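Just so we're on the same page: letters track the sequence lines, and every chain starts at 1. If you're wondering where the values come from, they're calculated on a predicted model, not measured in any experiment.
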Number of protein chains: 2
Amino acid sequence: MSDPISGQMAQALDMSAPDLSPIEQTPLKVQIADRLRRAIITGKMRPGAVLVETALADQMNVSRAPIREAIQILESDGLVETVAYKGKRVKPLTVREVTETFEMRQLYEVLAVRRIIAGGVDVQALHRPCADMVEAAEAGDRESLVAGDERFHRTLIRLADHDLLLQTWNSIYMRVHQIMALRNDRKVPLVDIAANHLPIIRALEKRDLEAAVALMSEHTRALNDFDPAKIVQDPA
Amino acid sequence: MSDPISGQMAQALDMSAPDLSPIEQTPLKVQIADRLRRAIITGKMRPGAVLVETALADQMNVSRAPIREAIQILESDGLVETVAYKGKRVKPLTVREVTETFEMRQLYEVLAVRRIIAGGVDVQALHRPCADMVEAAEAGDRESLVAGDERFHRTLIRLADHDLLLQTWNSIYMRVHQIMALRNDRKVPLVDIAANHLPIIRALEKRDLEAAVALMSEHTRALNDFDPAKIVQDPA
DNA sequence: GCTTTGTCGATTGTCGACAACATACAATTT
DNA sequence: AAATTGTATGTTGTCGACAATCGACAAAGC
């Protein structure tokens, strides 16, 4: 810690505070996949939109190889589908898929609630995103509200302390995100959405399994309370 | 159906009965991925085993591209991991992963049971694999028994009529398969395993949710009743 | 003797080019 | 005119070669 070498090193490191933190070595395919995934789940690329490797390669100034690999990642995410020698496109959503996606989400979140209560986990971490949501709702900032909602639920899953659950939830939630971005009815009052979360925290704090599960089921069900057909794209 | 053209076609088709069924166009990457996956989940390639693209390409007489894509599929399956510029290897299993895998499996199968009973689904299709298992158990054919068990559970999931559930279950079950292949304790009597399934069918036929869930929970729990540490490979 | 630096082999990452294939449309034939 | 065949175009599938990076070991310097 204070031997000559380390001292020298520290001195050299501290002068004019250069940024010597580890540089991020994100593989190209991952960077590309992240970009495309974001475009898809935010609705900027709608279901049915075609992805042409050569065009994307030109636009992003890379070769086709990393583009191909990125698209394949999205394919295993279930966001893109490929037809050999024909083309790749953002996977069209069916009513069934939408319904099933929300059913699986509910399954996962209810499991998380069960584990949190069973494990006596401290749920204080949920207050921050919850407060953010109330704030965003009052300001009428829908985007921040959605972001807060995602943080709330992701935190909930994290607290369940189950890596595989988190991983599985992630792959489902990206589709949830996409569906939410695609549906255009803005009927649900923002304040209501935000307000729905606090009771869940309360129930978790009281270790009230019945109430927590009921609230969580109702919460995830309510978000699914719209006509899935509205956002489905015809595979034209 | 009986116009001149169709008649001619049918005549031409029927003479000497040539096999004109659609030829299978399985992409190379899928064929390769299937082969490698099989090798992994049957335990022929153990956790930690390295996968070298060039070597595999030579062995299978294809270029590196489809090999890469196949390995990437296995990567998103969670069966293989890649370290850039270092190598690829069969993902080592941690005790935690094994435990969590079986927990998720139980979650899915219990959900299937719930849906089957709620939907009033006919579960007759479960008898076939169940009978096969009893037969295999009496013959002492462990391999057939395991295959029968897989068919039984896959049929169960299928009966739940939930595409996304089936898909998710598949990705979990391949890991279950791998774990089962890796553990070498053969203490559990074959006949017991086979016998465990019939009561589940009975409960489903009686639409007894409580009993079915309890039996299914117990069944999946029992299979997880071994020391996960035994099959974990050190990431050496 | 210890540290630092240079070099080497192995592996993946990326690239550009060509082949395979499917679709749509024009050309040809009946 | 209708059906069949040929052709053109666009896309993905596959390939071989080269670049980038890593880990380990040897070499050089203090």
By side-chain contact (heavy atoms from CB on, under 4.5 Å), which residues pair with [X], not counting sequence neighbours?
X	answer
T168(B)	M104(A), Y108(A), T168(A), Y108(B), L164(B)
E143(A)	D141(A)
P129(B)	R151(B), F152(B), T155(B)
S171(A)	none

Results of salt bridge (Lys or Arg N to Asp or Glu O under 4.0 Å) for R175(A) - residues two or more places apart only: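 Once residues adjacent in sequence are excluded, R175(A) has no partner under the salt bridge (Lys or Arg N to Asp or Glu O under 4.0 Å) criterion.
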Base-contact (B) and sugar-phosphate-only (S) positions in nucleotides 18-23 of chain C, heavy-atom cut-off under 4.0 Å, - elsewhere: --BBSS
Atom-to-atom span, CG of D58(A) to C1' of dG16(C) - whole angstrom: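 It works out to 12 Å between those atoms.
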Separation of dT14(C) C1' from E53(B) CD (nearest whole Å):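 Going from CD in E53(B) over to C1' in dT14(C) covers 12 Å.
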How would you list, by chain and number, every residue that makes a side-chain hydrogen bond (donor to acceptor under 3.5 Å, both in side chains) with [X], sequence neighbours excluded?
X	result
N170(A)	R154(A)
D161(B)	R96(A)
Q167(B)	none

Side-chain touch R89(A)/L51(A), heavy atoms, less than 4.5 angstrom: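 Result no, sub-4.5 Å side-chain heavy-atom pair not found.
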dG13(C) phosphate, OP1 or OP2, under 4.0 Å from K88(B) side-chain N/O: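 Yes, within the criterion.
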Under 4.0 angstrom between S63(A) side-chain N/O and dC15(C) OP1 or OP2: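 Answer is yes, contact under 4.0 Å.
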Output side-chain donor-acceptor pairs under 3.5 Å for residues 33-42 of chain A, partner residues at least two apart or in another chain, one line each.
| residue | atom | partner | partner atom | Å |
| --- | --- | --- | --- | --- |
| D34(A) | OD1 | R37(A) | NH1 | 2.9 |
| R37(A) | NE | D77(A) | OD2 | 3.2 |
| R37(A) | NH2 | D77(A) | OD2 | 3.0 |
| T42(A) | OG1 | R38(A) | O | 2.7 |
| T42(A) | OG1 | A39(A) | O | 3.4 |

Positions of residues 26-34 of chain A (non-hydrogen atom under 4.0 Å from DNA chain C), listed by number: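 Result for residues 26-34 of chain A: L28(A), sorted by number.
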Of residues 67-79 of chain B, the positions that come close to DNA chain D - non-hydrogen atoms, cut-off under 4.0 Å: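 Within residues 67-79 of chain B, no residue comes under 4.0 Å of DNA chain D.
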